[in-house]
Amino acid sequence: MGRRGYPAEFRRRVLDLLASGRSVASVAAGLRISDQTIYGWHQQERIDRGEAAGLTSPEKAELAAARKKIAQLETQLAVATKAVEALRAEADPKGGTRRSS
């Protein structure tokens, strides 16, 4: 996945440089990015190829989308719950519409 702001083509070029034999430190210094970022990209690439355990990029995207949808649904539920509570509070607790004599 990588940090937002780095396009996929850039990440791919960085990983290609590593595959060609360059060290993480030299690539990081040359491109002025964190070596930890490069290590993370490399690890995710290994996961995506099935060489390491973990969630693949498509699985991470699916999980992120599911979490976003859950957050939206929780917000909608909270709004609906508040609306029901507000309507209950305005209802006459004794009920009925007849006037007492």
If you measure only the distance, is there a donor-acceptor pair under 3.5 Å linking the side chains of Thr56 and Glu59?
yes
Measure the [atom1]-[atom2] distance between [X] and [Y] for me, rounded to the nearest 0.5 Å.
{"X": "Lys68", "Y": "Ile70", "atom1": "NZ", "atom2": "CD1", "answer": "13.5 Å"}
{"X": "Arg11", "Y": "Glu9", "atom1": "CZ", "atom2": "CD", "answer": "8.5 Å"}
{"X": "Gln76", "Y": "Glu74", "atom1": "CD", "atom2": "CD", "answer": "11.0 Å"}

Shortest non-hydrogen contact between Ser34 and Ala28, atoms and distance
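Minimum heavy-atom contact is C-CB, 4.2 Å.
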Nearest non-hydrogen partners of Gln44 and Ser57, listed with the distance:
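Looking at all heavy atoms of both residues, the shortest contact is NE2-N, 3.4 Å.
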Before you tell me yes or no, could you show the steps for Glu45 and Arg49 under salt bridge (Lys or Arg N to Asp or Glu O under 4.0 Å), namely the whole-Å CA-CA distance, both residues' side-chain angles and the distance that decides it to 0.1 Å?
CA-CA 6 Å; Glu45 181 183 43; Arg49 288 190 312 224; 3.6 Å; yes
Which is it for Leu15 and Leu18 under the side chain to side chain contact (heavy atoms under 4.5 Å, CB included) test, yes or no, and what are the steps along the way?
CA-CA 5 Å; Leu15 294 171; Leu18 293 181; 4.2 Å; yes
Between [X] and [Y], is there shared hydrophobic-cluster membership here, with clusters defined by ILVMFWY side-chain heavy atoms closer than 4.5 Å?
{"X": "Leu63", "Y": "Ile47", "value": "no"}
{"X": "Val24", "Y": "Tyr6", "value": "yes"}
{"X": "Leu55", "Y": "Trp41", "value": "no"}

Which salt bridge (Lys or Arg N to Asp or Glu O under 4.0 Å) pairs, counting each pair once, include a residue from residues 16-38, with sequence neighbours left out?
Arg12-Asp16
